[in-house]
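Please read the structure below before turning to the comments.
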Number of protein chains: 2
Amino acid sequence: MTATMRIGEVARAAGTTVRTIRYYEEIGLLTAAGDRVSGSHRLYTETDVDRVKELLRLKDLLGVSLDELRELIAAEEARTLLREEFRSDRTSSRRRAAILREALANVQRQQALVERRRAQLDELDAELQERNALILTRLDELGVTPVR
Amino acid sequence: MTATMRIGEVARAAGTTVRTIRYYEEIGLLTAAGDRVSGSHRLYTETDVDRVKELLRLKDLLGVSLDELRELIAAEEARTLLREEFRSDRTSSRRRAAILREALANVQRQQALVERRRAQLDELDAELQERNALILTRLDELGVTPVR
DNA sequence: TCGTAATCTGACGTGAACGTAAGAAAGAGC
DNA sequence: GCTCTTTCTTACGTTCACGTCAGATTACGA
């Protein structure tokens, strides 16, 4: 189907290690494309690379554990369905709508977390600004010209 | 001097555990106020509570390790000096300026990290918005009225 | 002074997220 | 078919950031 790649290439493309990819599969965060008999090489697509990148990003930016991440992405399975099932002509409108709703809820959960994080960051930023200003004032009082 | 408190109260006030406070001292992130002979109770001030809160926040929001946090806060010692030495009348203007400059550099390092994080968050947010919009469009194409 | 709660030190335990090593097997290129 | 790199499975090791336990000590309040 799509240009198929092996685990090493995926790791390099996603900026991580082979072990991490396998580990994510172990804990159910990832599944190699296509059925695979134990022992044979795992095969992936570009989409998988994107997924790995996204997992790493969410983990880092939102500071969630891989367990929480699994919950957060639970409905992401729907995203896979969206590619495999959604495109099929024999998928009903009703079914498609359900898939889309799942995907929507999924995205919205992530957005909520992003919003919370952003609010916290803003607060921190405001306090840092304040401290910065205070220090500049004190320097000024000393008759010193601050750097910038 | 200031209203003095013990480790349990500090932990409660900062929303963490006694063990964490001791651990932070172990790795040099924190120092109990005043000289202390081994075995006697650690004593803290309100300022220490703020410091612990800040440490927890930076760790969480910026996603840095405690080691990195120590580097990041290195010059924070200057902040303590700022309270003890800065207020002394026998501290020269030149010395005060130096202390302030240290504090300034310190704050600015933190601000830089906050900025980077914010930029990353913004990027993530933009992509989520896009996905959200795409899903809504598809739902619309199906003639379904999305929730909200 | 005495009882009791909180804290002390020291040490070992734990969960998450991988790292690493060994030996076998797979698969791409010639 | 053969070589050589890459991947496979299994399993134990490691680091970080604390948790937990034991026994001794401290200090506050009656």
Side-chain angles (χ1 to χ4, degrees), chain A residues 1-45 48-49 51-74, chain B residues 1 3-45 48-49 51-73:
Chain A
M1 328 218 158
T2 333
T4 174
M5 47 206 304
R6 288 183 302 176
I7 198 169
E9 197 177 349
V10 172
R12 244 173 293 122
T16 183
T17 71
V18 165
R19 175 62 173 126
T20 295
I21 308 247
R22 286 206 203 96
Y23 179 63
Y24 283 10
E25 182 178 328
E26 273 180 45
I27 63 176
L29 264 177
L30 221 56
T31 318
D35 313 313
R36 186 178 70 93
V37 290
S38 171
S40 71
H41 293 183
R42 292 169 177 79
L43 291 180
Y44 302 89
T45 72
D48 292 317
V49 174
R51 174 156 176 123
V52 172
K53 280 186 188 169
E54 198 175 336
L55 289 174
L56 294 171
R57 191 157 65 145
L58 288 176
K59 167 176 136 65
D60 181 35
L61 278 181
L62 302 185
V64 295
S65 73
L66 295 183
D67 256 39
E68 293 166 324
L69 197 50
R70 182 144 33 86
E71 311 251 323
L72 185 64
I73 307 279
Chain B
M1 329 226 156
T4 174
M5 47 206 304
R6 289 184 300 177
I7 199 171
E9 198 178 346
V10 172
R12 244 173 293 122
T16 183
T17 70
V18 166
R19 175 62 173 126
T20 295
I21 309 249
R22 286 207 201 95
Y23 180 63
Y24 283 10
E25 183 179 327
E26 273 180 44
I27 63 175
L29 263 178
L30 221 55
T31 318
D35 312 315
R36 187 177 70 93
V37 289
S38 172
S40 71
H41 293 181
R42 291 170 177 80
L43 292 180
Y44 302 89
T45 72
D48 292 318
V49 174
R51 175 156 174 121
V52 172
K53 280 187 189 169
E54 198 176 335
L55 289 174
L56 293 171
R57 191 156 65 144
L58 288 176
K59 165 177 135 64
D60 180 35
L61 279 181
L62 301 184
V64 294
S65 73
L66 294 183
D67 254 40
E68 294 166 325
L69 197 50
R70 181 143 34 86
E71 311 251 324
L72 185 63
I73 307 279

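Lettering follows sequence order; numbering is per chain, from 1.
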Self-check item: Close side-chain approach of Tyr44(B) to Val52(B), heavy-atom, < 4.5 Å
Solution: no

Exercise. Start with the C-alpha distance between Tyr23(A) and Thr17(A), add both sets of side-chain angles, then the distance that settles side-chain contact (heavy atoms from CB on, under 4.5 Å), and finish with yes or no.
Key: CA-CA 10 Å; Tyr23(A) 179 63; Thr17(A) 71; over 6 Å; no

Self-check item: Set of salt bridge (Lys or Arg N to Asp or Glu O under 4.0 Å) partners for Arg19(A), sequence neighbours left out
Solution: Glu26(A)

Practice problem: Provide the closest heavy-atom pair for Leu29(B) versus Arg51(B) in the form atom of the first, atom of the second, distance. | Solution: O-NH2, 3.1 Å

Quiz item: Taking CD1 from Ile27(A) and C1' from dA17(C), how many angstroms apart are they, rounded to a whole number?
Solution: 8 Å

Quiz item: Got a sec, which residues hit salt bridge (Lys or Arg N to Asp or Glu O under 4.0 Å) with Arg6(B), two or more places apart in sequence or on another chain?
Solution: none

Quiz item: Taking only side-chain nitrogens and oxygens of Thr20(B), does any of them come within less than 4.0 Å of OP1 or OP2 of dG19(D)?
Solution: yes

Quiz item: For Arg36(B), what residues pass the side-chain contact (heavy atoms from CB on, under 4.5 Å) criterion, not counting sequence neighbours?
Solution: Glu25(B), Ser40(B), Arg42(B)

Self-check item: Gap between atoms CD1 and C1', on Ile21(A) and dC8(D) respectively (whole Å)
Solution: 15 Å

Practice problem: Go through the structure and list residues passing side-chain contact (heavy atoms from CB on, under 4.5 Å) with Asp60(A), not counting sequence neighbours. | Solution: Arg117(B)

Quiz item: Is any side-chain heavy atom of Asp48(A) closer than 4.5 Å to a side-chain heavy atom of Thr45(A)?
Solution: yes

Practice problem: Measure from CG on Leu69(B) to C1' on dC18(D) and round the result to the nearest Å. | Solution: 15 Å

Exercise. Just report the end-to-end axis angle for the helix from dT4(C)-dA27(D) to dC30(C)-dG1(D), five pairs per end, to 10 degrees.
Key: 30°

Quiz item: If the sugar-phosphate is the primed atoms plus P, OP1 and OP2 and the base is the rest, what is the B/S/- string for nucleotides 6-16 of chain C, using protein heavy atoms under 4.0 Å?
Solution: -SBB-------

